[in-house]
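Take a look at the structure below.
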Amino acid sequence: MLLRIFLILLGLYVLNLYIGPLISLGVINAGNLFGFAVSGALIGIGAFWNPFCAFSKRLWESSSGKAVISVFCALVIVFCAVFFSTLSQVVRHSKYTADNQSTVIVLGCQIRGSEPSITLRARCRVAAEYMKEHPDAVTIATGGQGADEDLSEGQCIFNLMTESGISPERIYIEDNSTNTDQNIANAKKIIDENGFSADVAVATSEYHQYRASMICKKNGLNASSVPSPSSKRAKPTFFTREVFGVWAQWLKGIKN
């Protein structure tokens with residue numbers, strides 16, 4: 001009984017970790033979907049403990065059932081090992097590491113109509129602070145225009161940065177990209193065309209820094225981090241989502 005209660009309470013705790021962005025922002029992605037799945041599994045096992053044990057016992061009594069259980073347990077162990085190893089890298093790269101880089105890349109993020117998201121505002125804020133501390137630095141504002149956006153993300157970043165007091169002459173707009181890979185690849189073209197340093201500071205959300213650094217490396221850029229913080233309620237969802245984003249990046253590398 002104590003184990004059942006523990007599993008149910010643990011499932012409710014996991015649910016509470018991941019439900020915040022869905023309730024407050026209507027955000028649903030791979031991060032909180034994974035959290036909901038884990039939560040549901042824990043609560044389900046706890047609630048139906050006796051049938052679960054009976055089913056597992058019957059399965060174990062056959063040789064094929066033992067094989068199924070053994071393979072399943074091995075896959076779970078491998079998944080957890082790779083998952084937490086990747087998560088540790090995402091967390092490690094979320095720290096502020098930029099020092100004196102003269103090229104700043106601000107990665108685009110969702111705009112609702114003409115209104116920048118909280119996330120995009122946060123990225124622009126930390127980028128503007130860095131630019132003020134490094135008066136010789138230039139910024140590349142990245143991001144194209146989505147179907148539900150009234151202006152490109154690059155233009156929106158430009159607007160937010162100039163409103164923060166950054167001179168327009170220090171900002172270069174890249175507005176043809178639709179994802180992070182294209183953001184950075186197109187920014188690299190601007191860097192090459194203007195002779196800017198390939199030692200770049202990337203202004204993006206803290207959970208996004210590891211994947212951004214991977215893409216920068218693929219494009220011949222050496223990336224340091226200017227991370228913008230996410231809310232405590234959003235961290236579990238977005239850090240978990242980023243694990244799957246990193247895995248997707250690995251797969252892209254294998255395909256290429």
Side-chain angles (χ1 to χ4, degrees), residues 21 27-35 37-38 75-95 97-98 101 103-111 117 119-120 123 140-149 152-154 157 173-193 196 198-228 230 234-256:
V27 170
I28 186 161
N29 57 37
N32 52 13
L33 285 175
F34 175 76
V38 172
L75 289 174
V76 169
I77 291 171
V78 171
F79 176 88
C80 289
V82 178
F83 178 89
F84 286 107
S85 175
T86 307
L87 181 61
S88 70
Q89 289 295 320
V90 173
V91 172
R92 187 171 69 85
H93 282 77
S94 67
K95 311 303 180 183
T97 61
Q101 285 72 23
T103 308
V104 181
I105 299 175
V106 184
L107 297 181
C109 189
Q110 183 182 21
I111 302 171
S117 62
T119 300
L120 187 57
R123 294 179 184 184
I140 302 173
T142 69
Q145 182 175 349
D148 58 346
E149 297 176 336
S152 72
E153 293 168 8
I157 292 169
I173 299 176
E174 181 288 302
D175 57 3
N176 294 311
S177 56
T178 59
N179 55 50
T180 304
D181 287 84
Q182 294 176 10
N183 287 160
I184 293 173
N186 291 339
K188 177 61 162 56
K189 294 177 183 177
I190 294 175
I191 289 171
D192 291 342
E193 290 169 358
F196 297 147
D199 189 16
V200 301
V202 179
T204 189
S205 304
E206 84 267 65
Y207 54 79
H208 195 213
Q209 288 287 352
Y210 180 45
R211 183 154 55 100
S213 71
M214 293 170 64
I215 300 171
C216 281
K217 184 177 181 180
K218 182 176 68 175
N219 285 276
L221 300 172
N222 180 37
S224 298
S225 302
V226 180
S228 61
S230 54
K235 286 182 189 294
T237 289
F238 287 103
F239 272 84
T240 300
R241 185 200 67 176
E242 201 58 25
V243 169
F244 298 114
V246 169
W247 290 357
Q249 198 64 44
W250 288 348
L251 292 176
K252 288 180 183 178
I254 292 172
K255 289 179 181 179
N256 295 333

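- Remark: side-chain polar atoms of R123 are not paired, donor with acceptor, to backbone N or O of V106 under 3.5 angstrom.
- The structure places CD of Q249 at 10.5 Å from OH of Y210, a figure rounded to the nearest 0.5 Å.
- Not a single donor-acceptor pair under 3.5 Å links the side chain of S152 to the backbone N or O of D175.
- Atom CG of N29 is separated from atom CZ of F238 by 5.5 Å, given to the nearest 0.5 angstrom.
- Atom-to-atom distance recorded for N179:CG and I184:CD1 is 9.5 Å, nearest 0.5 angstrom.
- The salt bridge (charged side-chain N to carboxylate O under 4.0 Å, His left out) search around R211 returns E242, not counting sequence neighbours.
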Practice item. Would you sort out whether F244 and T86 count as a side chain to side chain contact (heavy atoms under 4.5 Å, CB included), showing the intermediate values? Key: CA-CA 9 Å; F244 298 114; T86 307; over 6 Å; no
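- S230 OG to H208 NE2: the interatomic distance, rounded to the nearest 0.5 Å, is 12.5 Å.
- N32 places no side-chain N or O within donor-acceptor distance of the main-chain N or O of G35, the cut-off being under 3.5 Å.
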Practice item. Take Q209 and T204 through the side-chain hydrogen bond (donor to acceptor under 3.5 Å, both in side chains) test and state the conclusion after the steps. Key: CA-CA 7 Å; Q209 288 287 352; T204 189; 5.6 Å; no
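- At distances below 3.5 Å, at least one donor-acceptor pair connects side-chain atoms of T97 with backbone N or O atoms of S225.
- Taking every heavy atom of both residues into account, A141 and I157 meet most closely at CB-CG2, 3.4 Å.
- Side-chain atoms of E174 come within 3.5 Å of backbone N or O of S177 as a donor-acceptor pair.
- Within the model, atoms CD of Q145 and OG1 of T178 stand 13.0 Å from one another, a figure rounded to the nearest 0.5 Å.
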Review point. Should E206 and K95 be marked as a salt bridge (charged side-chain N to carboxylate O under 4.0 Å, His left out) after you check the CA-CA gap, both sets of side-chain angles, and the distance that decides it?
Key: CA-CA 7 Å; E206 84 267 65; K95 311 303 180 183; over 6 Å; no
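- Listed for the E149 side chain is a donor-acceptor partner under 3.5 Å among the backbone atoms of I111.
- Remark: side-chain polar atoms of S94 are paired, donor with acceptor, to backbone N or O of V91 under 3.5 angstrom.
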Check your understanding: Would F83 and T240 count as a side chain to side chain contact (heavy atoms under 4.5 Å, CB included) if you check the C-alpha gap in whole Å, the side-chain angles of each, and the deciding distance to 0.1 Å?
Key -> CA-CA 9 Å; F83 178 89; T240 300; 3.9 Å; yes
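- A donor-acceptor pair under 3.5 Å is absent between the side-chain atoms of D192 and the main chain of K189, judged by distance alone.
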Review point. Hey, mind stepping through S117 and Q110 against side-chain hydrogen bond (donor to acceptor under 3.5 Å, both in side chains) and telling me if it holds?
Key: CA-CA 6 Å; S117 62; Q110 183 182 21; 5.7 Å; no
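- In this structure, OG1 on T142 lies 11.0 Å from CG on N176, to the nearest 0.5 angstrom.
- In this structure the side chain of T180 reaches within 4.5 angstrom of the side chain of L107, judged on heavy atoms.
- Under a 3.5 Å cut-off, the side chain of N183 and the backbone N or O of N186 do not form any donor-acceptor pair.
- When each of D199, I215, V202, V200 is checked for a side-chain contact (heavy atoms from CB on, under 4.5 Å) with L221, only V200 meets the rule.
- Evaluation of the salt bridge (charged side-chain N to carboxylate O under 4.0 Å, His left out) rule for D181 yields K218, K252 as partners, not counting sequence neighbours.
- For T237 (side chain) and A234 (main-chain N/O), no donor-acceptor pair under 3.5 Å exists by modelled atom type.
- The minimum heavy-atom distance between S205 and T119, with the atom names listed, is OG-CG2, 3.3 Å.
- Residues S213 and H93 have side chains in contact (heavy-atom distance under 4.5 Å, counting atoms from C-beta outward).
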Point to revise | Intermediate values then yes/no, ring pair (Phe, Tyr, Trp, His ring centres under 6.0 Å), F79 and W247 | key: CA-CA 12 Å; F79 176 88; W247 290 357; 5.6 Å; yes
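- Shown here for I140 and A187, the closest heavy-atom pair between the two residues is CD1-O, 3.7 Å.
- Ring pair Y207/F239 is perpendicular by interplanar angle, where above 60° counts as perpendicular and below 30° as parallel.
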